[in-house]
Amino acid sequence: MNDLSAGVMAAFGLIFNLDHNLVEISLRSLAVTFSAIAIASLIGLPFGAWLAVTRFRYRRVTIAILNALMGLPPVVVGLVLYVLLSRSGPFGVLNLLFTPTAMIIAQTILILPIVASLAHQALRELWFQYHDLLISINTSKWQRMGALLLDGRRSLLTAVLTGFGRGIGEIGAIMIVGGNIDHLTRVLTTAIALEVSKGNFPLAIGLGIVLILLAILINIAIHILSRTEREGTW
Amino acid sequence: MNDLSAGVMAAFGLIFNLDHNLVEISLRSLAVTFSAIAIASLIGLPFGAWLAVTRFRYRRVTIAILNALMGLPPVVVGLVLYVLLSRSGPFGVLNLLFTPTAMIIAQTILILPIVASLAHQALRELWFQYHDLLISINTSKWQRMGALLLDGRRSLLTAVLTGFGRGIGEIGAIMIVGGNIDHLTRVLTTAIALEVSKGNFPLAIGLGIVLILLAILINIAIHILSRTEREGTW
Amino acid sequence: MVTSILPLKLEEATVRKGGSRILGPLDLTLDGEGCTILLGPNGAGKTTLLRLLHGLDRTSGGQARWATPREEAYLRQSFVFQSPVVMRRSVRDNIAYPLLVRGVGRKEARERAVEWIAHVGLAGADDKPAQILSGGEKQKLAIARALIIKPEVLFLDEPAANLDGTSTRDIEALILRAARAGTRIVMATHNFGQARRLADDILFIYRGRIHERGPAKEFFAGPETKEAETFIKGDLLL
Amino acid sequence: MVTSILPLKLEEATVRKGGSRILGPLDLTLDGEGCTILLGPNGAGKTTLLRLLHGLDRTSGGQARWATPREEAYLRQSFVFQSPVVMRRSVRDNIAYPLLVRGVGRKEARERAVEWIAHVGLAGADDKPAQILSGGEKQKLAIARALIIKPEVLFLDEPAANLDGTSTRDIEALILRAARAGTRIVMATHNFGQARRLADDILFIYRGRIHERGPAKEFFAGPETKEAETFIKGDLLL
Amino acid sequence: ADDIKMAVTTSFHNSGLADVLLPAAKKDLNLDIYLLIVGTGQALKLGRQGDVDAVLVHARAAEEKFLAGGYATHRREIMYNDFVLIGPKNDPAGIAKAKSAIEAFTDIEKSKSIFVSRGDDSGTNKKELLIWKKAGLDPKKFVGNWYRASGSGMGATLNTGVGMNGYVFTDRASWLNFKNKGDMKLLYAGDPLLFNQYAFLPINSAKYPQVKSDLTKKLEDWLCSPKVQKMIGEYEIAGQQLFTPNAKPK
Ligand SMILES: Nc1ncnc2c1ncn2[C@@H]1O[C@H](COP(=O)(O)OP(=O)(O)OP(=O)(O)O)[C@@H](O)[C@H]1O
Ligand SMILES: Nc1ncnc2c1ncn2[C@@H]1O[C@H](COP(=O)(O)OP(=O)(O)OP(=O)(O)O)[C@@H](O)[C@H]1O
Ligand SMILES: [Mg+2]
Ligand SMILES: [Mg+2]
């Protein structure tokens, strides 16, 4: 219990002193996860829309697999990526291992199925409403996807935010491909793991509190900016 | 690359020999995550429904926080739980640390916000359709929640499956409160982490493949059983 | 029913939405028996008024009060929406639902639902998912669901808009029967023939206000206001 | 328009849903000009037939063929649904959308949408979110959205069900004008007055079949089949 | 069967010795030993919290502090092995020819070759920092990007080292048992400075009554028994002895 209160104190200490290290790793955390979520949204949202408007033979299986991929174990993703990016691997020449880029790639892989699957789920309901109309207007598949993405943008927010949450709290994959190297690839979660392994629980909990506060702040900010749940929307 | 193909081979070897250890830790993985998802669904689905049908002052903030909690960093959850369950912590007398029960608690905490938040998102659309009717029929809040949960059960599946995916692939929290003890709390993900730390990549990748296959199988099975996406549903 | 939930009184009631006043301020007392028909052009506020009376929309100013406590009042009234809302269930379960909500056992509720399915002319559709019904069939379902609780007040928003001649007649008969059994009917329609057949009195809604009110015969014989006259002419010209 | 997309030919066309045949088999040729009205009881299959003609439902047997390739044909027809579907956009953007889909620039599309908003009597609603429109207003939006592309064939499924007298007359005028300008009209309605005013010929649908077909005058004067006679009587009895 | 929980460091577990000792303990003592494999700091933390019955670690100074806090009843040395320097086969810093550990470290610093440190305050990390200190160098002041503190366990650090083709300071057991050796090999070993002592610390049951003192006593006696000491001495990987038992009989 002392560790918990000490953790809260540590969090306050870190925040109020704007601890130099804390700022650095927090910014790196945000940079990595924002990049990953941007890429994942760019691919995942249209894919989700595509899945919503397209009927094909193996659709159910595809959706089931996509759902399953939401649970991709981070350690495995990190490991496979490590093997691919390592000097002796096929992409070794790119020299990406132990760089933030590798971490972004890892998180993108983890987040993408989440964004795509939740986007599909959100747009399915809208497609159910729009189906007849959009077919009647003789829209192309691209136009249908566009209409869904545009008119359903509010409900896509949850998909993106879920992906963000998954990314910012993730550790298994980025630990392996990033290496948790000080001043290079250390982010909030890997720093926490390090403090845990040192037995320095108060600091670890303190960093954890900072991480959670950061996530909550960003969520509230985005909700306010996008005005979801405004009384007027329904 | 050799590691990858060796990993695939290892996976086949493990599966076809029904490796005794593999079966044990796979079953434990499933038992822990199924328990956690059952508890999280029992609480999270009704809570999501409640959020959909209730308008209160701090609703937006609550939703934003719930979204943020989807990204609860597993390590932090594990750590806080450890401090609470430790012998010198307030719940030490329960002797839960380093037991599957502790792992179930940890995963439940991680999964609950996901299930609740995605359930809310799924039911919001349905509530939009049902709103006038259910108010007109003079349903109580409980009856509204019941109607949404019953009629929206198909779309709740994604929420539950997302939670399942998060749980089965999770490692940060269960490592700390479970301890990755052989024959007691070792599950697929912690076994993978152990092999990675031994540098035994083929076996780690092999176990990872088993884990992913398991997740895909379960997803497909549930999709088939629940007949989502049947042509008839829309 | 021990005490009646009527009269319902509106005092200076207004409804604002999206920043502009779309209804009122208006005073209205609804009591006694019979059938009141709401007439008025598209967008006049008929639906809004019905929703206000039923408690689906709140007053932004003034008030709406039933003779009994809210709780009590809302249990004993039904509403049939302009575009029918059906639940993702079988036809039977849709119609039985208001009974379940009021504590009737599942078995009895289903049995009574089946009776009502016959009354509204949906026989044979018991087990169909309600979503696949045709437009008119959904409308009939909605009417059965409203009547099954034997409401004391029944609000209907263009319930026969999508019905064929025979169905319209059947539904009108059901409404009249309910009216005769003591149910207070308040209904919006664009069908003048229907208004003539059913109405005891007419509320002419125009630009969010009750522009004219009077017994049906007098209204159709010669309305007092110019707007109502133009409105009736609009239909006659058809 | 170089070649016409008409005639549309149905040959032994059937539609099955949920295991049972709900339409057909039926043969039908749709060509020339004018206005064909579909009449028939609730659940007869009018909506299904319209959807089949428009290509929203597929034949389960037999076939439906346009004179031009599918692609071409579908670009030059519109549909107004029984319960209007509106997109989560402003009224103007809803009406402009079919033009955007056909490659018209955003600016021009919006300008033409504004004209049509006036034509259907929605003036002033340009920037309102379409979802908040009243039932009749949504119906008008749907009609504007269908007419803005100047379709060669226009399908309407009870487009005036929720309209008041004046609006009905206005919309009928728009439909007649389109018909005179060469648009082929196919429309389902339960309003006999409307059918009389608009129809060149009548398709009487009964239990999923074309039970009777003929020029409007003759049909109303005295239909050939007993079922059609009963159906007309059902309306007259009102 | 009885069971106890013991926190051990990753480097001990990576050696594979546990796979030999655990079944033997089960057979001899009918005792299930549940191992918690964590960093040194975390292992001692688990002990301080009373969540394990004993710890087996290799960080002398930290152990003394632990004892002084009254968390363990005593400290019993069991065995030792040694630390080694591994690195790329072409050995850019030329440490293979170094005459002492200090010289090897200095060579690496001079050539600015990549060096991946645990950087996690573990026993291994503390020893590494001690050697830098003895060499008159301070990693905190290193310029350039060659000294990389990976902040992770032994296995993860080796993986990182292999991935970067850099030097890594590790214990012999972890390296020999490590599967992902890549292009790396053992380059320097043998300085007495690299001596790595493992000690067993049973948790004080006066502090935590739930601690199974009788069982830890039984285990300690067993570990120090001639038979088990011999087993430890005979444990080999690839023909190399990993540990030297050195328990003093009581
Ligand atoms: N949320 C809203 N914000 C602004 N205006 C609204 C909103 N909801 C409805 N309105 C406007 O209020 C007016 C009255 O709507 P109402 O649905 O009551 O009309 P109505 O008389 O039922 O018409 P109809 O005969 O077409 O069904 C309409 O012009 C509509 O556009
Ligand atoms: N998916 C489905 N499965 C089974 N039956 C269906 C399905 N969809 C529609 N039907 C049935 O087909 C019949 C014809 O429906 P349709 O909507 O074409 O009728 P309609 O003539 O337009 O009726 P209305 O005048 O009430 O609009 C109805 O009885 C309906 O219940
Ligand atoms: Mg209305
Ligand atoms: Mg129809």
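Letters A, B, ... are given to chains in the order of the sequence lines, protein chains preceding strands, and every chain is numbered from 1.
- With no hydrogens or angles considered, no side-chain donor-acceptor pair links E/Gln197 and E/His58 at under 3.5 Å.
- Residue B/Asn200 touches chain E through both its backbone and its side chain, counting heavy-atom pairs closer than 4.5 Å.
- Between the side chains of E/Thr40 and E/Ser122, no donor-acceptor pair of N or O atoms lies under 3.5 Å.
- Closest approach of B/Phe164 and B/Ile37 over heavy atoms only: N-CD1, 3.5 Å.
- In terms of heavy-atom proximity, B/Val160 sits nearest to B/Ser41 at CG2-OG, 3.8 Å.
- Top candidate by heavy-atom pairs under 4.5 Å with chain B, chosen from E/Leu22, E/Val52, E/Asp3, E/Leu46, is E/Leu46.
- Minimum interatomic distance between E/Lys89 and E/Gly182 (heavy atoms only, all atoms of both residues): NZ-O, 4.3 Å.
- Ring pair E/Phe12/E/Phe243 is tilted by interplanar angle, where 30° to 60° counts as tilted.
- The shortest heavy-atom contact between E/Val38 and E/Ala7 is CG2-CB, 4.5 Å.
- Taking the centre and axis of the six-membered ring of E/Trp175, the NZ or CZ atom of E/Lys185 falls outside the cone set by 45° and 6.0 Å.
- Heavy-atom proximity under 4.5 angstrom to chain E picks out nothing from residues 101-118 of chain B.
- For chain E, the nearby part of B/Tyr82 is the side chain; its heavy atoms alone come within less than 4.5 Å.
- Contacts between E/Lys5 and chain B at a heavy-atom distance below 4.5 Å involve the side chain alone, from C-beta outward.
- Within the cation-pi definition used here (under 6.0 Å to the ring centroid, within 45° of the axis), E/Lys207 qualifies as a partner of E/Tyr71.
- Contacts of B/Leu97 with chain E are made by both backbone and side-chain atoms, with heavy-atom separations under 4.5 Å.
- Chosen from E/Asp51, E/Ile37, E/Asn180, the residue pairing most often with chain B at heavy-atom distances under 4.5 Å is E/Asp51.
- When the heavy atoms of residues 190-198 of chain B are compared with those of chain E, the residues falling under 4.5 Å are B/Leu194, B/Val196, B/Ser197, B/Lys198, listed by number.
- Looking only at atom types and distance, the side chain of E/Thr73 has no donor-acceptor partner in the side chain of E/Asn204 under 3.5 Å away.
- Between the side chains of E/Asn81 and E/Arg172, not a single donor N or O lies within less than 3.5 Å of an accepting N or O.
- With a 4.5 Å cut-off on non-hydrogen atoms, E/Tyr208 touches chain B through its side chain but not through its backbone.
- Between the side chains of E/Asp171 and E/Ser174, at least one donor N or O sits under 3.5 Å from an acceptor N or O.
- Only the side chain of E/Asn159 comes within less than 4.5 Å of a heavy atom in chain B; its backbone stays farther off.
- For a residue to count as touching a neighbouring chain, one of its non-hydrogen atoms must lie under 4.5 Å from one of that chain's; by this rule E/Leu158 does not touch chain B.
- Here the straight-line distance linking atom NE2 of B/His120 with atom CH2 of B/Trp50 works out to 10.5 Å at 0.5 Å rounding.
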